[in-house]
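Beneath this line is the structure, given in structure tokens, with notes to follow.
Lettering follows sequence order; numbering is per chain, from 1.
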2 protein chains.
Amino acid sequence: MLPMKSRYALKALVFLARHQADGPIPVAGIAAAEAIPVKFLEAILLELRNSGILTSRRGPTGGYQLRVAPQTVHLGDVIRNLSGPMAPLPCLSKSAYHRCGECVDETTCAVRLLMADVHAATLRIVDGTTLAALVARVDAAASGEAEGQSQRCRPQEGPPSAKLDFID
Amino acid sequence: MLPMKSRYALKALVFLARHQADGPIPVAGIAAAEAIPVKFLEAILLELRNSGILTSRRGPTGGYQLRVAPQTVHLGDVIRNLSGPMAPLPCLSKSAYHRCGECVDETTCAVRLLMADVHAATLRIVDGTTLAALVARVDAAASGEAEGQSQRCRPQEGPPSAKLDFID
DNA sequence: TAAAATCCTACCGTAATGGTAGGAATTAGG
DNA sequence: CCTAATTCCTACCATTACGGTAGGATTTTA
């Protein structure tokens with residue numbers, strides 16, 4: 001299960017990406033629009049700011065704003081920042097690796113071999129999708145809704161991305 | 001994180017698949033070979049038996065044994081049986097669906113659109129891999145270890161599997 | 001009948017999750 | 001300079017899931 005923290009963060013980021021032009025937006029506004037507990041969202045946006053993806057301004061007319069372009073925000077990094085590594089096994093995490101303890105031989109561990117594929121597939125999606133791409137996809141879902149055409153997730157142009165070095 | 005319950009189960013099943021010819025194998029034997037807490041494994045194997053994938057015999061010379069062919073055991077079902085549905089969001093689970101509560105419009109929910117892909121990719125792997133295939137892969141890893149050739153997970157012959165209806 | 005095994009029920013400590021409470025610091029507008 | 005709106009920061013807390021353990025009842029073989 002993706003933790004609420006990450007769910008709320010993604011929702012808030014999509015919202016902020018949509019309202020880039022409107023200047024800083026207060027937490028209360030986002031919370032109301034997305035039905036997220038205010039104080040909880042407050043803490044989440046603070047973390048996102050401390051990790052460099054948001055800017056904030058205090059006082060009246062203050063609020064949060066994207067610091068970087070939505071095209072440069074990789075969703076995997078968002079999830080990682082808030083909820084830690086996503087590896088399904090400790091021995092598959094690059095950033096927080098540690099042996100499984102019970103594992104007799106890591107290179108021939110059945111569980112590891114299976115979950116390595118799962119992990120790789122997950123990373124390819126979450127790290128291969130940017131905030132901009134996600135917003136585009138939501139738009140596509142909104143307009144294509146009637147015709148029922150569910151579209152793919154990566155409408156990103158350019159060469160199929162130069163060897164991303166996925167972390168976790 | 002894949003729960004220990006499922007990890008242990010997968011290890012035990014691989015072990016049992018390897019020792020199919022040896023008749024029933026007592027819990028203590030598997031636990032010792034795979035470094036799994038005995039009483040915990042006891043409970044796990046019991047569940048696997050109740051779900052129909054293992055047979056048991058009591059008393060001396062008793063133990064556990066595969067009830068079905070390893071080619072028919074889909075690893076996704078094993079995980080589901082022991083640890084419940086794997087959907088990363090409640091609204092993506094077929095077997096335990098329920099709305100996210102905070103979700104304003106489910107069909108245009110950004111989080112859902114993203115995680116749907118992750119979920120699908122995961123199911124394609126865990127439900128597309130059988131116990132037999134996993135054992136084969138471990139063997140491949142064991143022999144290919146020196147040459148360092150990491151091989152793919154599905155050496156299954158036949159057409160690319162007739163529309164599996166993945167559950168969770 | 002003794003020993004080896006499965007089977008079953010109950011319990012339990014620890015950590016993570018999903019928040020809430022309360023207030024301090026900053027800033028804009030009047 | 002005062003007030004109100006906002007971010008920022010520190011604590012706390014209830015509930016649940018996880019990863020087991022304990023103890024014994026039941027079955028079966030030798």
Taking atom [atom2] of [N] as reference, at what distance in whole Å does atom [atom1] of [X] sit?
{"X": "I36(B)", "N": "dT21(D)", "atom1": "CD1", "atom2": "P", "result": "12 Å"}
{"X": "I44(B)", "N": "dC8(C)", "atom1": "CD1", "atom2": "P", "result": "16 Å"}
{"X": "E47(A)", "N": "dT10(D)", "atom1": "CD", "atom2": "P", "result": "13 Å"}
{"X": "E102(A)", "N": "dG19(D)", "atom1": "CD", "atom2": "P", "result": "11 Å"}
{"X": "I25(A)", "N": "dA5(D)", "atom1": "CD1", "atom2": "P", "result": "18 Å"}
{"X": "L46(A)", "N": "dT26(C)", "atom1": "CG", "atom2": "P", "result": "14 Å"}
{"X": "L41(B)", "N": "dC7(C)", "atom1": "CG", "atom2": "C1'", "result": "14 Å"}

Checklist entry - For DNA chain C, what residues of residues 49-66 of chain B have any heavy atom nearer than 4.0 Å? => result R49(B), S56(B), R57(B), R58(B), G59(B), P60(B), G63(B), Y64(B)
Distance-only donor-acceptor hits, side chain of residues 40-49 of chain B, under 3.5 Å, sequence neighbours excluded:
unit_1, atom_1, unit_2, atom_2, d
E47(B), OE2, K5(B), NZ, 2.8

Item to check | T122(B) side chain vs V118(B) backbone, donor-acceptor pair below 3.5 Å | outcome: yes
Item to check | Polar side-chain atom of R99(A) near backbone of C91(A) as donor-acceptor pair, under 3.5 Å | outcome: no
Checklist entry - In terms of side-chain geometry, is the basic nitrogen of R80(A) or D127(A) positioned less than 4.0 Å from the acidic oxygen of its partner? => result yes
Next on the checklist: With a 4.0 Å cut-off on N to O distance, would you call R137(B) and D117(A) a salt bridge?
Outcome noted: yes
Item to check | Result of checking D77(A), L82(A), V78(A), N81(A) against S51(A) for side-chain contact (heavy atoms from CB on, under 4.5 Å) | outcome: N81(A)
Item to check | Per-nucleotide protein contact string for nucleotides 17-22 of chain C (B base, S sugar-phosphate only, - none; heavy atom under 4.0 Å) | outcome: -SSSBB
Checklist entry - Considering all heavy atoms of both residues, which atom of V104(A) and which atom of K11(B) are nearest to each other, and what is their separation? => result N-NZ, 4.4 Å
Next on the checklist: I need the F15(B) CZ to I25(B) CD1 distance, nearest 0.5 Å.
Outcome noted: 5.0 Å
